[in-house]
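The next block holds one structure in the form of structure tokens; read it before the comments.
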Amino acid sequence: MRRVVGSNYATSHAVMRARVEVIAAYPITPQTQMVEHIAKFINDGIMDCEYINVESEHSAISAVIASQAAGVRSFTSTASQGLALMHELLFSAGGLRLPIVMGVVNRSVGSTGGIWVEYNDSMPQRDCGWLQMYVETNQEVHDMILQAYKIAEDKRVLLPIMICSDGFILSHTVEPVELAEQEEVDEFLPKYEARHSYLDPKDPIASGIVTPREYRQEFAYQIHRAMLEAKDVIGEVNRDFADKFGRDHSGLIETEFVEDAEVILLTLGTVTSTARGVVRELRKKGKKAGLVKVRAFRPYPAERIAEVCKDARAVGVYDRSVSFGVGGPHYLEVRNALFDSDVPVIDFIGGLGGRDVAEADVRSMYDVLLEAAKSGKAKRNIEWVNTRGVVLG
Amino acid sequence: MRLKLKDLPEENIFSSGHTACAGCGAAMAIRNIAKVLGKEIIIYVPASCLSVFNGLFPSCAWTVPYHHTVFENTGAAISGLSRAMKRKGLDNVTVVGIAGDGGTADIGLQALSGAAERNEDVIYICYDNEAYMNTGVQRSGATPHGASTTTTPVGKLTKGKQDFKKDIPLIMMAHSVPYVATASVSFPLDLINKVKKAKETKGFRYLQVYAPCVPGWGYEQSKTVELGKLAVECGMWFLLECENGRLKINREPKMNNLETYLKMQGRFRHMDEKQIAELQESIERKWEFYKGYAELTQRLYGGSEASV
């Protein structure tokens, strides 16, 4: 069924189709419509689900950790301060290997921020044992919620996953979305069978018992291993999904014009759409520009990035968040992926607090990259795009 | 039918091998509570003494499913467990959270209030040892007036806690949940029958159990039960029960011997006459309040007797 909807509706609809059985969520701009849509689905009798109207995000994540630990497919969603409030529990979800799916509608956190998109809510959560994927369109949000359960519940993974979408740019912008039918989702995503975590008096287990120092390290090592395995699973699930639904989102990364590219820009989220236009325009002008849309931030597809960028003469990284005094979190990942390459890698920090990243901004990033490719070195490694008092390049 | 102690099964649900201190009021209470609850339960324990003394991986003293994540989320976690049981069609399974007084009165109050307001189908038990004992005796909202803790020490300027004990049972009654009760490890018949009643009730049930702490309170480990009896006699603890809004006082306190109770414990030993008088006055006010509250609620909600 094709409908013109925002990402909050697309997510809610996919959650209904995934036959999620327990949802606990708390409203926060720009995610609020999601809790409203789900409440309406349930009250209209088209969704059969336990819905816990909790009194905070901390309780939302606590409740879904408990319900998922009890062996029931669970969902929550949040943004910004709400995700920060959940932080403490994110480690429990990862540590207990619970395949919870969370919709994160990205929004800046903290003072001197407002209600608009920035990745300083989700990116600081990178070490909690959650997979993180970033999307570009409302269709992709919808499709990734369905894929997310299949990725997270795969026995090689068994880790929670966040599907991150740009606040307002996706949540409050409607576009045509193909909403999956129940029968096709049922064929793609089987009913969840809890095999490792369930709370059943007939077969008692202790979930989350305090672990002394003699044992902690092996648990952590297994999470690391699962995160590495998830790279294959993300690709496999993407192919399964493409076979079933006819929409291919390319797994870990998606590329445009990278084969002979001299300069490559790596983006995340909706800025990719803007960059697509710019890179096509540059190609028409004969500039060898390429684009990589990075979809997975955890696990980070370092090997794929290294392979794609191996012949480039300059690599740019778009960052919508900052690790102060160092650079963007995404930049650090790319530097790590390209650690044995001497190609200039330049970080472009921009769009913070929801500032628009226009075509002109992306063009200026490519200009800097083309210059670096020519000279063989970066003037600066960390560039602040469209920032008062800062001149690019 | 009222339970007798001999009705309890021999087998422990909370088994031996746990690592609580000798004389631990919480461990004694929990052992009996678990026997009444039986095997068709799921236990959630937040950070607390219990989360440590119930065993560390790979050991566990619970013979029933057990879940633990953090400190302040008991109300939310048991909500999630209860809803999951509903989805699985396991309506016979009782979801029980057991938290300490810090995890209940302070850091966990918000999640507790939320779960109560939603009338989640769970039992919430607070074992009240009147301070943060797991971290080594710091004051909590449930610490009584005058008690010395490591954060309300006896010093030159002040001696012990200057504030008064937060009345969580009363806060829970204000949530209009089906069942709120207080009990004590020293009154096991009263305790087990309240647990039985809680188990047989649907909706949100709250039980706060007086549980002396040997190292935290500074008394002889053989005196746990005696101390609990004195507490109820002197009015430092009331045995109450509030069913569907009607408050009942289960045991009339004598309101005497406060000083005997205080002098048995290291935490109160510094208290002078003035401080004791303040404390006495506060518990007398509390007693008058509860008597009045019982009469009022019996009148409002109906019921046979205001006290037993």
Side-chain angles (χ1 to χ4, degrees), chain A residues 19-24 26 48-74 76 86 88-93 95-96 98 100 192 194 197-216 218-219, chain B residues 13 38-48 50-88 90 92-95 97 107-118 120:
Chain A
R19 295 192 187 275
V20 172
E21 297 201 75
V22 175
I23 297 172
Y26 188 78
D48 179 23
C49 174
E50 283 296 315
Y51 191 30
I52 315 176
N53 287 287
V54 284
E55 79 300 330
S56 74
E57 289 90 352
H58 193 279
S59 283
I61 187 71
S62 295
V64 298
I65 285 171
S67 59
Q68 187 75 53
V72 173
R73 190 177 277 165
S74 303
T76 187
M86 287 183 179
E88 176 192 26
L89 269 304
L90 298 181
F91 292 93
S92 296
L96 291 173
L98 301 174
I100 296 163
Y192 177 60
S197 183
Y198 44 81
L199 294 168
D200 184 349
K202 288 189 183 61
D203 181 19
I205 63 166
S207 150
I209 198 156
V210 176
T211 307
R213 55 196 163 182
E214 289 87 344
Y215 296 99
R216 158 66 182 158
E218 286 72 20
F219 284 118
Chain B
I13 304 294
K39 286 185 173 175
E40 296 289 300
I41 59 170
I42 292 176
I43 294 287
Y44 179 79
V45 177
S48 56
L50 175 58
S51 73
V52 177
F53 75 67
N54 66 193
L56 305 182
F57 181 89
S59 308
C60 185
W62 290 102
T63 61
V64 290
Y66 169 89
H67 185 48
H68 160 73
T69 50
V70 299
F71 196 0
E72 67 275 48
N73 70 349
T74 305
I78 56 180
S79 302
L81 292 174
S82 164
R83 302 297 189 97
M85 289 307 111
K86 203 171 159 194
R87 288 303 303 188
K88 292 165 97 171
L90 297 175
N92 56 322
V93 174
T94 305
V95 172
I107 197 168
L109 187 58
Q110 176 184 315
L112 167 61
S113 174
E117 184 265 333
R118 294 188 303 273
E120 299 283 350

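Every chain is numbered from 1, with letters handed out A, B, ... down the list of sequences.
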note = Closest non-hydrogen atoms of B:Pro58 and A:Tyr215, given as atom of the first, atom of the second and distance, are CD-CE1, 3.6 Å
query = Of the non-hydrogen atoms in A:Asn53 and B:Arg118, which two are nearest, and what is the gap between them?
reply =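 Answer, listing the atom of A:Asn53 first, then B:Arg118: O-CD, 3.4 Å.
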Are the side chains of [Y] and [X] in contact, using a 4.5 Å heavy-atom criterion?
| X | Y | answer |
| --- | --- | --- |
| A:Ser56 | B:Gln110 | yes |
| A:His58 | B:Val70 | yes |
| A:Pro204 | B:Trp62 | no |
| B:His67 | A:Ile65 | yes |
| B:Thr69 | A:Leu96 | yes |
| A:Pro201 | B:Glu40 | yes |

Can you tell me which portion of [X] sits under 4.5 Å from chain A's heavy atoms? Options are side chain, backbone, both or neither.
| X | result |
| --- | --- |
| B:Val93 | side chain |
| B:Ser59 | backbone |
| B:Arg83 | both |
| B:Leu81 | both |
| B:Thr74 | neither |
| B:Ile41 | backbone |
| B:Glu117 | neither |

Could you have a look at [options] and say which one has the most heavy-atom pairs with chain B under 4.5 angstrom?
| options | answer |
| --- | --- |
| A:Ala60, A:Ala66, A:Ala70 | A:Ala66 |
| A:Ile209, A:Val72, A:Asp203 | A:Ile209 |
| A:Ser207, A:Gly208, A:Ala63 | A:Ser207 |
| A:Ser59, A:Gly71, A:Ser62 | A:Ser62 |
| A:Gln68, A:Lys202, A:Glu88, A:Glu55 | A:Glu55 |

Side chain / backbone / both / neither for [X] at chain B, heavy atoms under 4.5 Å:
| X | value |
| --- | --- |
| A:Leu199 | both |
| A:Val54 | both |
| A:Tyr51 | backbone |
| A:Ala206 | both |

request  = Take B:Lys86 and A:Val22, measure what side-chain contact (heavy atoms from CB on, under 4.5 Å) needs, and give me the verdict at the end.
outcome  = CA-CA 10 Å; B:Lys86 203 171 159 194; A:Val22 175; over 6 Å; no
inquiry  = Go through it in stages, so that I can follow the logic: the residues are B:Lys88 and A:Glu21, the test is salt bridge (Lys or Arg N to Asp or Glu O under 4.0 Å), and I'd like the CA-CA distance, side-chain angles, deciding distance and then a yes or no.
reply    = CA-CA 9 Å; B:Lys88 292 165 97 171; A:Glu21 297 201 75; over 6 Å; no
